[in-house]
Asks: 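Structure provided below as structure tokens; questions to follow.
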Amino acid sequence: MEGVGAVERTGRAACTGRAGIAVVGASLGGLRSAEQLRAAGWRGPITLFGDEPHLPYNRPPLSKSVLAGEAPASGTELRRRPSVEDVEWRLGSAVAAADLGARTLTLTDGSVHMYEGLVAATGVRPRRLPMPGGPPRHVVRTLEDSAALAAGLAAGARVLVIGSGFIGCEVAATARTTGCAVTVVAPEAEPMVLALGPHLARALRVRHEARGVSFRMGRLAREFTPEGAVLDDGTEIPTDLIVEAIGSLPNTEWLAATAGLDLTDGILCDAHLRIGGLPHAVAVGDVARFPNPRYGPVPRRVEHWSVPGDTARHAARTLVAALSGTPRDPAPCAPLPSFWSDQFTMRLQSFGQPSLADRCELLEGDPDTPDGDLLYAYYQGTRLIGVAALGGPAATAAAARHRADLMTLPEPVT
């Protein structure tokens, strides 16, 4: 336990000097980081800074059960392990800037906070369309966003969803279930095609259409009017409200003044999640762009619910080893991504990275029917890199059975 002892000594010093470890971002990634820092042996202070006034909560229900009124918003608060009972929560305290050399954070109120180690867990925010006007326009990211949209989902309301990714499809399903007339507009050929590939994406559209969702694929919104939207082919779509679900932007502006950082798509990290190679600064979750040896040397961001926990575990060990002067784990961060998405009574479940495949194979089911289970395998050459299922519990279980086949790391290229 030599490393823990060293960490404890560092923590005591931090109480009289620097203020321990600062975690910027107080959502799922921030919470998991604090928990994993304690698990890695850090006994010193931990302070979490969050721009929202809420303790960490689960976001997936905001576009599904909470939006539909089937579950209370209060039920989304995430359980916190006893190990983080002593951390300091600075909620409603957004960080405006960081000086990674001086190890200081400047908050939006002008106050300055010193730290020994830094965890960047600032996540993402919704993209917005650069056009004015239109009927009431919504995004879904926060509790307040979900509540505002839910207020407009009355039976018979006309809902236009712009974007056909996770949020777009989930909101479309929820709005249709509540009795709304729903139209989805997106530039891609099929909904969720970037995540699923064309075959499963087409099957997903078939099932949405069978339940009353209308799609205008291959189209863009050109302008908004008080009555609705005009598409790039001149079609006018009247609507009562618009949901903008066109993807997300990483929250990196607070690091923009730090020279030498690559913030072109999130925070570029090395294979141990260190920011700019600095030993005392790491990033986790949606905002971290790092090379995963499972899928080659290209650094990527992955916006799946599992990633904050997986990256927090590795980043915490990296940071605590650096601050305590103990050896770090030489293995790179290599999580197996996974996601699920509930739409109508169907669950979409995936393991691995189907989006990187060059071909896929139907293992079970009939994609042309509006019901029944589907299972696809995804390959790069001959190597299985992902599985995805759509349907009921049996489909989810079928996908999970292939998880072990995806765990083996590829042989390094020499």
Side-chain angles (χ1 to χ4, degrees), residues 52 54 57-77 124-129 131-186 191-192 204-217 219-221 223-231 235-248 305 339-348 370 390:
E52 292 188 62
H54 313 289
Y57 59 91
N58 203 22
R59 297 186 192 272
L62 302 185
S63 57
K64 299 182 280 290
S65 58
V66 170
L67 183 60
E70 299 169 351
S74 59
T76 62
E77 185 172 310
V124 298
R125 65 186 183 276
R127 289 181 183 271
R128 302 303 300 258
L129 289 163
M131 297 182 292
R137 294 163 60 175
H138 299 266
V139 293
V140 181
R141 176 66 182 174
T142 67
L143 287 166
E144 291 79 8
D145 292 338
S146 184
L149 176 56
L153 297 187
R158 298 168 300 175
V159 176
L160 174 60
V161 179
I162 300 180
S164 64
F166 286 91
I167 297 297
C169 286
E170 290 170 0
V171 168
T174 300
R176 187 72 192 108
T177 300
T178 59
C180 299
V182 180
T183 301
V184 176
V185 171
M192 294 191 66
L204 181 67
R205 176 173 57 81
V206 167
R207 295 175 183 218
H208 270 255
E209 288 176 335
R211 291 159 175 81
V213 178
S214 175
F215 287 89
R216 294 299 305 272
M217 304 304 296
R219 298 266 68 93
L220 294 169
E223 65 175 300
F224 294 133
T225 69
E227 293 75 33
V230 180
L231 304 187
T235 302
E236 297 183 14
I237 299 183
T239 188
D240 298 307
L241 64 87
I242 294 169
V243 180
E244 298 176 51
I246 57 171
S248 58
W305 191 90
F339 70 78
W340 80 94
S341 176
D342 294 326
Q343 301 174 27
F344 296 106
T345 58
M346 305 174 291
R347 169 158 287 195
L348 183 62
L390 178 64

Asks: CD of Glu227 to CD of Glu236: how many Å apart, nearest 0.5 Å?
Replies: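 One gets 8.5 Å once the value is rounded to the nearest 0.5 Å.
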
Asks: Would you name the heavy atoms of Ala210 and Pro370 that are closest together and state the gap between them?
Replies: CB-CB, 3.6 Å

Asks: Quick check for you: to the nearest 0.5 Å, what is the distance between Glu70 atom CD and Thr177 atom OG1?
Replies: 7.5 Å

Asks: Quick one: do Thr142 and Arg59 satisfy side chain to side chain contact (heavy atoms under 4.5 Å, CB included)? Show the steps, please.
Replies: CA-CA 7 Å; Thr142 67; Arg59 297 186 192 272; 4.2 Å; yes

Asks: Are Asp145 and His138 packed together at the side-chain level, in the sense that at least one heavy-atom pair is separated by less than 4.5 angstrom?
Replies: no

Asks: Give, for atom CH2 of Trp340 and atom CG of Leu348, the distance between the pair rounded to the nearest 0.5 Å.
Replies: 12.0 Å

Asks: With side chains defined as the heavy atoms from C-beta onward, is the minimum distance between Leu231 and Ile237 less than 4.5 Å?
Replies: yes

Asks: Check side chain to side chain donor-acceptor pair (under 3.5 Å) between Arg127 and all other residues, then give those that pass, not counting sequence neighbours.
Replies: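 With neighbours one apart ignored, the set is empty.
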
Asks: Are side-chain heavy atoms of Leu149 and Val140 found at a separation under 4.5 Å?
Replies: yes

Asks: Can you sort out the partners of Arg219 under salt bridge (charged side-chain N to carboxylate O under 4.0 Å, His left out), two or more places apart, ordered by chain and number?
Replies: Asp232, Asp233

Asks: Glu244 and Val139: which non-hydrogen atoms are nearest, and at how many Å?
Replies: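 Taking every non-hydrogen atom into account, O-CG1, 3.7 Å.
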
Asks: To the nearest 0.5 angstrom, please state how far the CG atom of Asp342 sits from the OG atom of Ser65.
Replies: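 With rounding to 0.5 Å, CG (Asp342) is 8.5 Å from OG (Ser65).
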
Asks: State, with a plain yes or no, whether a side-chain heavy atom of Phe344 is found less than 4.5 Å away from one of Thr174.
Replies: no

Asks: Are the side chains of Leu62 and Tyr57 in contact, using a 4.5 Å heavy-atom criterion?
Replies: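 Answer yes - side chains close enough.
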
Asks: In sequence, state the C-alpha distance, the side-chain angles, and the governing distance for Val161 and Thr183, and then conclude on side chain to side chain contact (heavy atoms under 4.5 Å, CB included).
Replies: CA-CA 6 Å; Val161 179; Thr183 301; over 6 Å; no

Asks: Kindly indicate, with the supporting measurements, whether the criterion side chain to side chain contact (heavy atoms under 4.5 Å, CB included) is fulfilled by Leu153 and Leu67.
Replies: CA-CA 9 Å; Leu153 297 187; Leu67 183 60; 3.8 Å; yes

Asks: Is there a side-chain contact between Phe166 and Val171 in this structure, where contact means two heavy atoms from C-beta onward sitting under 4.5 Å apart?
Replies: no

Asks: Do Val184 and Arg216 have side chains that approach each other closer than 4.5 Å (heavy atoms only, starting at C-beta)?
Replies: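 Answer no - side chains too far apart.
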
Asks: Are any non-hydrogen side-chain atoms of Met217 and Pro191 less than 4.5 angstrom apart?
Replies: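 Side-chain contact under 4.5 Å: yes.
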
Asks: Can you name the salt bridge (charged side-chain N to carboxylate O under 4.0 Å, His left out) partners of Glu77, sequence neighbours left out?
Replies: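 Testing Glu77 for salt bridge (charged side-chain N to carboxylate O under 4.0 Å, His left out), a comparison that skips the adjacent residues, returns Arg80.
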
Asks: Please identify each residue that fulfils side-chain contact (heavy atoms from CB on, under 4.5 Å) with Ala73, with sequence neighbours left out.
Replies: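 Checked Ala73 against side-chain contact (heavy atoms from CB on, under 4.5 Å); matches are Val66, Leu143.
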
Asks: Indicate whether the side chain of Ser63 and that of Glu170 have a donor and an acceptor atom separated by less than 3.5 Å.
Replies: yes

Asks: Tell me if a side-chain donor or acceptor on Arg176 pairs with a main-chain N or O of Arg211 at a distance below 3.5 Å.
Replies: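 Flag set: sc Arg176 to bb Arg211 pair under 3.5 Å.
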
Asks: What pairs with Arg141 under side chain to side chain donor-acceptor pair (under 3.5 Å), at least two apart in sequence or on another chain?
Replies: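 Here no residue qualifies.
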
Asks: Could you pull out the closest heavy-atom pair between Ala154 and Cys180, with the gap in Å?
Replies: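 So the two residues come closest at O-SG, 3.4 Å.
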
Asks: Evaluate the criterion side chain to side chain contact (heavy atoms under 4.5 Å, CB included) for residue pair Val159 and Val243; output intermediate values, then yes/no.
Replies: CA-CA 7 Å; Val159 176; Val243 180; 4.2 Å; yes

Asks: Among residues two or more places apart or on two chains, list those pairs meeting side chain to side chain donor-acceptor pair (under 3.5 Å) that have a residue in residues 151-165.
Replies: Arg158-Asp240

Asks: Assess, by modelled atom type and distance only, whether the side chains of Glu209 and Ser214 contain a donor and an acceptor separated by less than 3.5 Å.
Replies: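 Ser214 and Glu209 do not have a side-chain donor-acceptor pair below 3.5 Å.
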
Asks: Treating Thr239 as the side-chain partner and Leu160 as the backbone partner, does any N or O pair qualify as donor plus acceptor under 3.5 Å?
Replies: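 Yes, because the side chain of Thr239 sits within donor-acceptor range (under 3.5 Å) of the backbone of Leu160.
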
Asks: Quick check for you: to the nearest 0.5 Å, what is the distance between Met131 atom CE and Phe224 atom CZ?
Replies: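 Output value for this atom pair is 4.0 Å.
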
Asks: To the nearest 0.5 Å, tell me how far Leu390 CG sits from Arg347 CZ.
Replies: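 Leu390 atom CG to Arg347 atom CZ measures 11.5 Å (nearest 0.5 Å).
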
Asks: Is the backbone of Leu129 close enough, under 3.5 Å, to the side chain of Arg137 for a donor and an acceptor to pair up by distance?
Replies: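 Yes, because the side chain of Arg137 sits within donor-acceptor range (under 3.5 Å) of the backbone of Leu129.
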
Asks: Verify the distance criterion only: is there a donor paired with an acceptor across the side chains of His208 and Gln343 at less than 3.5 Å?
Replies: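 Side-chain D/A pair, His208 to Gln343: present.
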
